[in-house]
Amino acid sequence: MLFLRSFMILVLSCIAIKINLCFPNILSSLKTLPIDGHFNFEQLHHAAKDFGNRYSFLPLAVLHPNSVSDIATTVKHIWQMGPGSDLTVAARGHGHSLQGQAQAHGGIVINMKSLQGLKMQFHIGNLPYVDVSGGELWINILREGLKHGLAPKSWTDYLHLTVGGTLSNAGISGQAFRHGPQISNVHQLEVVTGKGEVVTCSGKQNSDLFHGVLGGLGQFGIITRARISLEPAPEMVKWIRVLYTDFATFIRDQEELISGESTFDYVEGFVIINRTGLLNNWRSSFNPQDPVQASKFKSDGRTLFCLELAKYFNRDETAVVNREIHSSLSQLNHIPSTLFVSEVPYIEFLDRVHISEIKLRSKGLWEVPHPWLNLLVPRSKIQTFAQQVFGNILKDTSNGPILIYPVNKSKWDNRTSVVTPDEDVFYLVAFLSSAVPSSTGTDGLDHILIQNKRILEFCEIARLGVKQYLPHYSTQGEWKAHFGSRWEVFVRRKSSYDPLAILAPGQRI
Ligand code: FAD
């Protein structure tokens, strides 16, 4: 034990000495780089924070690039310093990672939002698309797109995330069953590799890099530009919620809806465990179709499953759309009295989480720890999963929403880096918990982390074939198991595009 301790102290002192010796050289070399933007070497705390609010690694510097060439020059400089420098680079989108994935301990963080200035270019025609900066926020693309009557097809539930950040993961929401995740809706990328090369890539040109970067957790290159597929934007959205007490009926309806062509444009769902008075919370935005019947409905602390649907339309199609919705809803098996409907402009529907963000921020409840857990569960195992997790492990859903909805694997491209279960349909189950700082109760961080651990352990022991989304692991063995048969492709791509492992060190792969 003593030997081990002395050895660790020796190793740590050597690292400290090395950093201290190299430090002035690195700093002065960065200062002389010919770039249009600038480096910050002080007040770097912002770059050591993220939405998860649990991990904090201070970088050496933050680059605010003005151009793609600023990023390429910086990465190339580090690449040319060779393996001895140990310097790493993390692209930081909007910093909405959960466990420090966009941070770089003692390295360089690139503030991708500085690149936002690059003008969005809309191409209008039969197959419209937009060219955007990798640091662009999806909400800005929506706002600009609406001026042309266009919008991306596939979204995340929250739009204040960057293009580069979500394309490095997948970008999943209620439209994914039809259009695939956001990574299935990109035609072309411009990428800066770990050698500092600027490469344009697509399904036809440098396709291995293109597919590698999509869902690639920032490991193979920094996305500086993306060409995103668009469709005509609708004006309005019918937003519908219906409730179930029986899980099997709930998922049967969800799966039926995602297999049909002309039903809804968005299919999600969530779980409600041991909550009373919930429907009162919805009343401000959702109207019960039959107020008298709805007022008689009592949840009585039962576990409920809420199916959430949306249908897009233009105002002049209201009558037709109402008939279509009526017909689609008549095929469902929800509790009849629990049909709740809302009608909102398209932008309000897509930007819905931001409205909650504003409310939570005003109460100081946004910048709290977020021990989120996102899982992709194969369809054949979702009942076993639900029985144990919603029936035994979780006692209530008061720490945050639990989303659950299926997607079609046929809409995902298996050449990309993202790892999904091996079945035609799989579910996203997202435990979106917020912890009350310094609480030691059931709303505290420790309790929620233990619950997450129990869920993961159950999936492992029951061999459910579950994959983590926004994955986070502590050992390389776990990463290997995550990638499974795709580990070799991952290693080959890493050695081709980022052989010195400079990029996205916060993923800890
Ligand atoms: P960051 O957190 O800054 O970066 C994420 C990772 O990508 C890091 O490793 C970073 O180094 C790397 N990276 C960042 N920019 C680039 C780039 N240009 N090139 C290469 N690598 C880059 N996800 C969904 O799929 N669906 C959802 O519905 C959804 N809802 C969310 C709601 C909220 C409130 C939050 C906070 C997150 C949500 N997410 C969702 C997760 C989101 O996709 C991830 O947090 C993702 O990390 C995007 O955040 P960001 O743009 O801030 O990227």
Side-chain angles (χ1 to χ4, degrees), residues 46-47 49-53 55 59 65 68 71 75 88-104 107-116 132-139 154-176 180-183 189-194 212-226 266 268 350-357 360-361 366-367 370 372 374 376 400-401 403 405 407 417-418 428 430 432-434 469-472 497-498 502-509:
H46 181 67
K49 272 190 79 171
D50 59 28
F51 180 76
N53 251 307
Y55 291 75
V68 174
I71 297 176
V75 177
T88 55
V89 174
R92 178 185 161 91
H94 206 37
H96 278 62
S97 286
L98 298 163
Q99 294 109 342
Q101 284 89 341
Q103 301 180 28
I108 295 169
V109 168
I110 302 183
N111 173 20
M112 294 303 294
K113 285 199 299 170
S114 300
L115 264 184
Q116 267 188 45
V132 296
S133 151
E136 194 59 78
L137 294 177
W138 287 96
I139 180 68
S154 187
W155 296 97
T156 45
D157 292 345
Y158 174 64
L159 307 189
H160 298 245
L161 305 169
T162 63
V163 168
T166 69
L167 294 185
S168 298
N169 286 296
I172 315 173
S173 184
Q175 302 83 3
Q182 291 181 321
I183 54 171
L189 296 172
E190 179 190 71
V191 166
V192 175
T193 69
V213 165
L214 294 171
L217 306 172
Q219 295 302 304
F220 312 117
I222 297 174
I223 300 166
T224 46
R225 208 159 177 77
Y266 161 103
E268 287 204 6
L350 289 178
D351 202 24
R352 59 199 177 277
V353 176
H354 185 55
I355 297 168
S356 309
E357 174 184 359
L360 290 169
R361 275 192 191 281
W366 184 257
E367 300 207 350
H370 292 107
W372 285 11
N374 287 270
L376 302 176
L403 307 185
Y405 57 91
V407 293
S417 293
V418 69
L428 173 72
L432 308 179
S433 309
S434 299
Y469 176 56
L470 311 174
H472 172 68
Y497 306 117
D498 181 25
I502 290 169
L503 300 176
Q507 300 280 0
R508 293 183 287 279
I509 301 184

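We count ligands from 1, going down the list as the structure has it; atoms in each ligand are counted the same way.
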Study note, to complete from the structure: Looking only at protein heavy atoms, what sits closest to atom 42 (C) of ligand 1 is Leu161 CD1, 3.8 Å
Study note, to complete from the structure: Closest to atom 7 (O) of ligand 1 among protein heavy atoms sits Ser168 CB, 3.7 Å
Check your understanding: Tell me, which protein residue and heavy-atom name are nearest atom 1 (P) of ligand 1, and how many Å apart are they?
Key -> Ser97 OG, 3.6 Å
Check your understanding: Any heavy atom of Gly221 sitting closer than 4.0 Å to ligand 1?
Key -> yes
Review point. Nearest protein heavy atom to atom 32 (C) of ligand 1, by residue and atom, and its distance?
Key: Tyr158 CB, 3.4 Å
Practice item. Heavy atoms only: give me the nearest Ala504-Gln219 pair and the separation to one decimal. Key: O-NE2, 3.1 Å
Exercise for review: Name the closest protein heavy atom to atom 19 (N) of ligand 1, giving the residue it belongs to and the distance to 0.1 Å.
Suggested key: Ile223 N, 2.8 Å
Check your understanding: Evaluating non-hydrogen atoms only, which member of Trp372, Trp366, Tyr469 is closest to atom 37 (C) of ligand 1?
Key -> Trp372
Review point. Do any heavy atoms of Trp155 fall under 4.0 Å from ligand 1?
Key: no
Exercise for review: Could you list the atoms of ligand 1 found under 4.0 angstrom from a heavy atom of Met112?
Suggested key: 18 (N)
Review point. Quick one: does Thr156's side chain have a donor or acceptor within less than 3.5 Å of a partner on Leu159's backbone?
Key: no
Study note, to complete from the structure: Taking only non-hydrogen atoms of Phe51 and a 4.0 Å limit, the atoms of ligand 1 in range are 36 (C)
